[in-house]
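To find a chain, count down the sequence lines: A is the first, B the second, and so on, and within it residues start at 1. Both backbone and side-chain heavy atoms feed into the values below; hydrogens, waters and symmetry mates do not.
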Protein chains: 2
Amino acid sequence: MSSEWIEHAEARLAEAGYRRGGARRAVIELLAAGHCAMTAAEIEERLRESGRRVGRASVYRTLEQLDALNLVTRLDVGQGTARYEVALPSGDHHHHLVCDRCGRVEPFEDPELEATIERISRRVTAFHVGEHDVVLHGECARCAG
Amino acid sequence: MSSEWIEHAEARLAEAGYRRGGARRAVIELLAAGHCAMTAAEIEERLRESGRRVGRASVYRTLEQLDALNLVTRLDVGQGTARYEVALPSGDHHHHLVCDRCGRVEPFEDPELEATIERISRRVTAFHVGEHDVVLHGECARCAG
DNA sequence: ATCTTTGCAAAATGTTTGCATTGGT
DNA sequence: ACCAATGCAAACATTTTGCAAAGAT
């Protein structure tokens, strides 16, 4: 899948002076395999299911480190829990649809949206804009019945 | 300021079967006076400063009720604390610039952005899209130095 | 050998809930 | 009088931190 991203992430971590470690590696591999934003709890649970038990603190610490190096994107969709997903070095990214009923999160892409936000980001002078998030709230087909 | 919104909110609450109450009224008035999204803690603090002491639980309960009636919009900008702001009945709204350093939040508007999101919302069939949030992360002029 | 990473448990933070009391109708 | 709104404290959920043990270089 995005095994290239794994290499990329490990390289950046090494550059930044981090040593290797099993827990962090496991989190990185899981993130690379996942399709969309996961919560810390989901990561911990899925690792335990797969037999690779990782301490909760290590999950959070790893996510914090990856976020600081812009290797993952942190996303807040409003359920009180942060979600994280791989940030590709190409800068390519998507945004999210969130079902406010069941919490389901799905990605979507739109080039025009990106262009519009780019334009706004340049226009704004009071802020030096970096990342951006667009979240569309609603009901997924399943919940809408 | 948006004293019309206060009327509007009170009317909707009455319709929904709520009785009146001093704590809720105080929160509503503060929200109407505020310019941009406030956290529950900020609301509680500002009410205490103004001499109107309101229990924390009442702040949260009021915000929850207002959100359920779409009288306020809940916003998550990533610092682990939710923010709330008045939702005008006209549907008019703005989005937010967030300083990831100091937590400062500022509003911005862009008609083209709204139009683009409208189009996407209609295009998406797997979800019934309602609200949306756009958050531009970055550094404010003060923090960027 | 040294210094990081890890895991556990405890603390900190933000939010919700239970319950007795106050207050609106 | 009735029942909802309020405030307090306790419960709860998520995230962060302190520290000893294991692991990487």
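Only at 4.0 angstrom or more do the heavy atoms of residues 36-53 of chain A sit from any atom of DNA chain D, so none qualifies. Taking a 4.0 Å limit (strictly below) on heavy-atom distances, residues 64-74 of chain B does not reach DNA chain C anywhere.
The distance from atom CZ of A:Arg25 to atom P of C:dT6 is 12 Å, rounded to the nearest whole Å. Summarising the geometry, the separation between CG on B:Leu63 and C1' on C:dT15 is reported as 11 Å, rounded to the nearest angstrom.
Nucleic acid contact for A:Arg56: base, since at least one base atom lies under 4.0 Å from a heavy atom of the residue. Using a 4.0 Å heavy-atom distance criterion, A:Ala57 is classed as a base contact. B:Gly17 comes within 4.0 angstrom of no nucleic acid atom, judged by non-hydrogen atoms across all strands.
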Between the protein and nucleotides 19-23 of chain C, which nitrogen or oxygen pairs are less than 3.5 angstrom apart?
residue: C:dG23; atom: N2; partner: B:Arg19; partner atom: NH1; Å: 3.0

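Of all nucleotides in DNA chain D having an atom under 4.0 Å from a heavy atom of chain B, the first and last in 5' to 3' order are D:dC3 to D:dC8.
Within the structure, every pair that satisfies the side chain to side chain donor-acceptor pair (under 3.5 Å) test and touches residues 135-145 of chain A, not counting sequence neighbours, is listed here: A:Asp100-A:His137, A:Arg101-A:Glu139, A:His137-B:Asp133.
At its two ends the helix from C:dA1-D:dT25 to C:dT25-D:dA1 runs along axes set 30° apart, each axis drawn from five pairs and the angle rounded to 10°.
The side-chain heavy atoms of B:Val135 and A:Val134, taken from C-beta on, include no pair separated by under 4.5 Å.
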